[in-house]
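Chain A is the first sequence line, chain B the second, and so forth, proteins listed ahead of strands; every chain is numbered from 1.
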2 protein chains.
Amino acid sequence: MGRTSTAKDRLIDAMIELIWAGSYGSTSVDHICERAGVKKGSFYHFFESKTELALAAIDHGWTEHRKELDQIFSPVVPPVERILNCFRNFRQEQEELFEKHGRVLGCPIHSLGAEVSTVDEKLRDKLQEILSQFIRYYESAIRDAQAQGSIVTHDAMALARIVFAYSEGLLLHARMWNDLGRLDEFESGAKIILGVKG
Amino acid sequence: MGRTSTAKDRLIDAMIELIWAGSYGSTSVDHICERAGVKKGSFYHFFESKTELALAAIDHGWTEHRKELDQIFSPVVPPVERILNCFRNFRQEQEELFEKHGRVLGCPIHSLGAEVSTVDEKLRDKLQEILSQFIRYYESAIRDAQAQGSIVTHDAMALARIVFAYSEGLLLHARMWNDLGRLDEFESGAKIILGVKG
DNA sequence: TGGGAAGTTGACCAGTTGGTTAATTTGAAA
DNA sequence: TTTCAAATTAACCAACTGGTCAACTTCCCA
């Protein structure tokens with residue numbers, strides 16, 4: 001019934017790219033449509049509003065990213081390595097983005113969160129949810145590491161939050177200074193926070 | 001010669017408030033003028049552009065904040081206490097803002113940096129400069145603490161960056177979750193990072 | 001092969017954006 | 001008391017904002 005189209009996906013991809021490279025405020029519906037090669041009428045055929053597209057884009061990005069995370073945080077991998085590999089993965093992703101955009105883009109969830117969380121509660125709730133899910137990867141890895149005795153014993157949730165806040169701060173600084181090198185600090189920083197033994 | 005006016009200061013104050021409570025993108029020249037009780041013509045009498053006002057606002061805010069920091073980081077105070085007091089001061093400031101706006105607003109420099117650093121290089125440079133200055137407070141306190149033997153010995157600059165990234169991550173999470181309680185975690189987190197003895 | 005649901009299009013909208021201008025009012029200092 | 005630089009005002013601008021709509025095209029499926 002009816003014809004098929006890739007326009008919806010193209011809009012989502014364009015939204016992710018533009019927000020990541022710039023900001024929510026700097027990304028207009030016209031820009032999105034232009035980048036996606038879609039007319040505005042079609043935009044509003046697929047999405048109720050700009051916010052709704054952002055929601056869909058965030059969801060899509062997170063669903064994709066989770067696939068990688070599930071591999072990185074596989075229980076087969078030594079727990080501390082999981083955390084370090086996660087950030088190595090970030091670094092590599094940022095490198096690819098740098099080659100494409102000429103800029104370090106950082107974490108889109110956080111940049112977006114900083115921008116919109118006092119202004120758009122739908123977006124804020126979605127971003128919160130994703131970050132809450134994300135931190136659980138750290139948390140369970142930390143618990144495993146503690147059980148295995150490879151790091152200092154501390155409240156795992158608290159440690160996860162510290163590592164998490166630290167990593168997000170680093171990503172933001174990498175974006176602000178447009179400097180991939182900042183990301184290399186994570187490894188030693190995380191070891192200090194986690195009290196990695198040996 | 002000519003008459004005097006407080007309009008310039010009112011514009012700066014309005015800009016700071018609006019950016020902090022919302023974002024750069026959500027803050028229009030009309031909003032600023034309305035809040036400041038200034039007509040748009042006057043706006044452009046005092047400032048060349050919106051960016052230029054933002055620059056002035058950031059400068060002004062930082063100049064004010066530095067006065068507090070100079071007291072907090074006085075060499076008279078035990079070095080680890082300086083860092084903890086700095087964050088206690090943040091917390092208190094955030095509490096006051098919360099009472100006023102009903103929201104945790106976090107660090108305006110970082111929220112703004114996340115939003116504009118890929119888009120407006122003048123703003124980005126200014127924000128970079130401020131953060132670079134800020135981190136020196138941490139750095140010298142850490143050096144003093146190490147000299148005094150109250151924390152573990154490590155590259156002071158590296159430690160300062162970790163604490164700094166961590167604190168900024170925390171502030172951002174407090175903003176996103178609208179939760180002052182997040183800020184209380186700093187004290188134990190900072191002690192873990194710094195390896196505070198005793 | 002043809003009906004009809006789904007996708008596409010471009011013209012349109014009112015409100016807002018950052019920014020300009022020329023005329024006018026003010027008040028500090030000579 | 002005059003003077004004139006500095007401050008204020010309101011009207012104006014083109015471009016852009018997010019969003020709407022009715023007409024039109026496509027092409028999946030029965």
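Using modelled atom types, one finds no donor on one side chain facing an acceptor on the other under 3.5 Å when comparing B:Glu129 with B:Trp62. Side-chain contact annotation: A:Arg82 with A:Asn85, donor-acceptor N/O pair under 3.5 Å absent.
The pair A:Arg182-A:Glu185 does not count as a salt bridge, with every side-chain nitrogen at least 4.0 angstrom from each carboxylate oxygen. Salt bridge B:Glu17/B:Lys100: present, at least one basic N to carboxylate O contact under 4.0 Å.
For A:Trp177, the ring-ring contact (aromatic ring centres under 6.0 Å, His included) partners at least two apart in sequence or on another chain are A:His173. Under the rule for a salt bridge (Lys or Arg N to Asp or Glu O under 4.0 Å), the partners of B:Asp30 that lie at least two apart in sequence or sit in another chain are B:Lys40. Looking at residues two or more places apart in sequence or on another chain, you find a side chain to side chain contact (heavy atoms under 4.5 Å, CB included) between A:Asp13 and A:His60.
In summary, contact between chain B and DNA chain D, defined as any nucleotide atom under 4.0 Å from a heavy atom of the protein, begins and ends at D:dA5 to D:dA10 in the 5' to 3' direction. The span of DNA chain C lying next to chain B, judged by atoms under 4.0 Å from heavy atoms, is bounded 5' to 3' by C:dT17 to C:dA29.
In this structure, the side chain of A:Glu115 engages the main chain of A:Tyr24 through a donor-acceptor pair within 3.5 Å. In this structure a side-chain-to-backbone donor-acceptor pair under 3.5 Å is missing from A:Arg175 to A:Val104.
Ring geometry for B:Phe134 versus B:His65: interplanar angle under 30°, hence parallel rather than tilted (30 to 60°).
Near DNA chain C, meaning a heavy atom under 4.0 Å away, the residues from residues 20-48 of chain A are A:Lys39, A:Gly41, A:Ser42, A:His45, A:Phe46.
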